[in-house]
Structures are given as structure tokens and as C-alpha cells.
Amino acid sequence: MKRRYVVPDAEQGIQHFKAGVMKQEGYAVNPNRPDDAKFEVAKDLGVPLRPRDNGELSTESVGRIGGKIGGPMVREMIRLAQERLANREQP
């Protein structure tokens, strides 16, 4: 199933952002295939994630992978927003 973005042109930027964040987290990320970081995260967590059908995985297992990726992304977005707000408030 292909992911659909609310803003269609945002996909490239989001993927680039994900690659940068996951690299900061210590994962070897191919900038041309940042979504593949999920396989490295799954391996670290001991979750048998495969490129295609993963219907047998529990919601908890899938959530652990997503949280390990999404959590750092959200923290970085908050950090960037705070930094921009602080810079904007400077006279």
C-alpha cells in the first residue's frame, strides 16, 4: 500500500528529513531510500520485518518500529520550531 500525503509535494522533503534524523540516531541511511531505515530499526528491535507482507506482525511490534522512527522525528520538529521561534523573537 502506497502512503498518501495530505500535501502531495511534501513527500520528498519528509523523506529527506527522515533520512537526516535517522542518521543522527546512528542508523546507516541511504538518502535515496530513507524509508528502508525501518528494516534496520526492526533488526535492532528483533522484529522480523520483511519488504512485503507483514500481516503476521502484531500491532505492538509494528508500533515499536514506528515509534523508534517517529519519536525522534517529532522531537527534531519541535526543536526546529522552538529554534525558529527563539530566533524570530530576537530584536
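Among pairs with a residue in residues 63-82, those fulfilling salt bridge (charged side-chain N to carboxylate O under 4.0 Å, His left out) read Glu76-Arg79, Arg79-Glu83, at least two apart in sequence or across chains. The list of salt bridge (charged side-chain N to carboxylate O under 4.0 Å, His left out) pairs with a residue in residues 45-59, not counting sequence neighbours, reads Arg50-Glu56.
Nearest approach of Leu49 to Ala42, heavy atoms of both residues: CB-CB, 3.6 Å.
Partners of Ser58 by side-chain contact (heavy atoms from CB on, under 4.5 Å), not counting sequence neighbours, listed by chain and number: Glu60, Ser61. Remark: Asp35 engages Arg3, Lys18, Lys38 in a salt bridge (charged side-chain N to carboxylate O under 4.0 Å, His left out) (not counting sequence neighbours). Listed by chain and residue number, nothing satisfies the side-chain hydrogen bond (donor to acceptor under 3.5 Å, both in side chains) test with Gln82 (two or more places apart in sequence, or in another chain).
Summarising the geometry, atom CD1 belonging to Ile65 is positioned 6.5 Å from atom CG belonging to Leu45; distances are rounded to the nearest 0.5 Å. With values rounded to the nearest 0.5 angstrom, Phe17 atom CZ is found 11.5 Å from Met22 atom CE.
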Check: residues 25-32 side-chain donor-acceptor pairs under 3.5 Å, at least two apart:
unit_1, atom_1, unit_2, atom_2, d
Tyr27, OH, Asp44, OD2, 3.2
Asn30, OD1, Asn32, N, 2.8

